[in-house]
Amino acid sequence: MKATAVANSNIALIKYWGKRDEKLILPKNSSLSFTMDDQLQTKTTVEFDDSYDRDIVYINNEKANEKETARVTEFLDLIRKKAGIKSRAKVISKNTFPKAAGMASSASAFAALAAAASKAAGLNLSMAEISILARQGSGSAIRSIYGGAVKWEMGKKADGSDSIAVQVAPKEHWPEIRNVIGLLTKKEKKVSSRAGMAETVKTSTLYEARLAHVHERLALAEDAIKKKDFNKLAEIIMRESNNMHAVMLDTYPPIIYLNDTAKAIMESVIEFNIKKGENVIAYTFDAGPNPHLYTTERYVDDAIAILKANGIEENIVCKVGDGVRLLEEHLKV
Ligand code: PMV
């Protein structure tokens, strides 16, 4: 009753920010992302064994704290229920990047956990079923089930059975795409995305306006990906990031993830694109100030230069990568 899976993080172009069902994790809008390459990865081994009296969780070779362990137990309970088992598990998880730094580590973590735990529990699930499980760990994890460009269809049903991930394009479709990530902070974020988005839904008066337009933006982004039109896609990516951070600021108490460096980078990117006469780099930010500069292979050095000019020396240049997969070799602590 042991299995290991690996999953990569994804960085959204059209963001998920707000739930219509807190328990099942059903979103207010559909979202779209590229799955990243193996540099942003979580590998997880799950072993169910009757000799354990509680779930034991290790993250990056350290025993997880109570809050993290409780979140894993809650998730494993879904799997135990589905598989009809009672055994507790040992979970060993390793990230290749800093957790909770606005780098969507929960996406790769719950995608890998869903695949490894369901396999270890003896369930042979389809990719759609694994994606539904991953979603219940962390919403954005649903999109890490597939590689390439992936859409999370919000669905309409109350039971969440149609709130699933769909691949829009495989990674081979547009191999020139890069995400140049600036490592501005490795600190954990002050407001968790879970708490933050619930506050936005409750208090932001701009939120209704976001919901009225976000689906149109998603359709345009999908079309730009299909046509490989980076100029168009970049405009949508930046306007979407701006829109999400606008409703965050409109939340009360306000949620402010962007700092002065992040804002200076936004300006540098806009200026660079104006000089080029078209959009060749696009910024996007999640629940943290780390800049994600989407671009194409040709402009990677320019994106790195923009980060450096704004004082960010450390970066990761990611390609678009693969979805979740099982591994034969297990992790040890
Ligand atoms: O699933 P969570 O709780 O990690 O929420 C993710 C929210 C954003 O990263 C800000 C946007 C997204 O769609 O990934």
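Ligands are counted one by one from 1 in listed order, and the atoms in each one are counted from 1 as well. When a residue number appears, it is its place in the shown sequence, counting from 1.
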Taking the basic N atoms (NZ, or NE/NH1/NH2) and the acidic carboxylate oxygens, is any pair closer than 4.0 Å for Asp77 and Lys81?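 Here Asp77 does not pair with Lys81 in a salt bridge, since their nearest N and O are not under 4.0 Å apart.
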Salt-bridge test for Lys171 and Asp322: reply yes if a basic N is under 4.0 Å from a carboxylate O, no otherwise.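 Judged by the 4.0 Å cut-off on N to carboxylate O distance, Lys171 and Asp322 do form a salt bridge.
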Would you call Ser31 a ligand 1 contact, heavy-atom distance under 4.0 Å?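 Flag not set, Ser31 not near ligand 1.
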Relative to the heavy atoms of [X], which atoms of ligand 1 are at a distance of less than 4.0 Å?
X: Ser193; answer: 2 (P), 3 (O), 4 (O), 5 (O)
X: Ala12; answer: 12 (C), 13 (O), 14 (O)
X: Arg143; answer: 12 (C), 13 (O), 14 (O)
X: Met197; answer: 5 (O)

Test of understanding: given a 4.0 Å heavy-atom threshold, classify the contact between Ser138 and ligand 1 as side chain, backbone, both, or neither.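 Both backbone and side chain.
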With a heavy-atom distance limit of 4.0 Å, tell me whether Ser140 approaches ligand 1 through its side chain, its backbone, both, or neither.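 Within the 4.0 Å criterion, Ser140 contacts ligand 1 through backbone and side-chain atoms alike.
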Using distance alone, determine whether [X] and ligand 1 share an N or O pair under 3.5 Å.
X: Asn10; value: no
X: Gly139; value: yes
X: Ser106; value: yes

Looking at the rings of Tyr294 and Phe34, which for Trp means the six-membered one, are their centres under 6.0 Å apart?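 That pair passes the under 6.0 Å test.
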Below 6.0 angstrom between ring centroids: does that apply to Phe110 and Phe75?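 Yes, close enough.
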Side-chain hydrophobic cluster, 4.5 Å single linkage: members besides Tyr52: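 Reading the cluster by chain and number, Tyr52 sits alongside Ile56, Tyr58, Ile92, Leu331, Val333.
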Just grab all the side chain to side chain donor-acceptor pair (under 3.5 Å) pairs involving residues 130-139, residues at least two apart or on different chains.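 Of all non-adjacent pairs touching residues 130-139, those that pass side chain to side chain donor-acceptor pair (under 3.5 Å) are Ser106-Ser138.
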Please tell me whether Lys308 and Asn315 have a donor and an acceptor in their side chains that are separated by less than 3.5 angstrom.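 Absent: no donor and acceptor within the cut-off.
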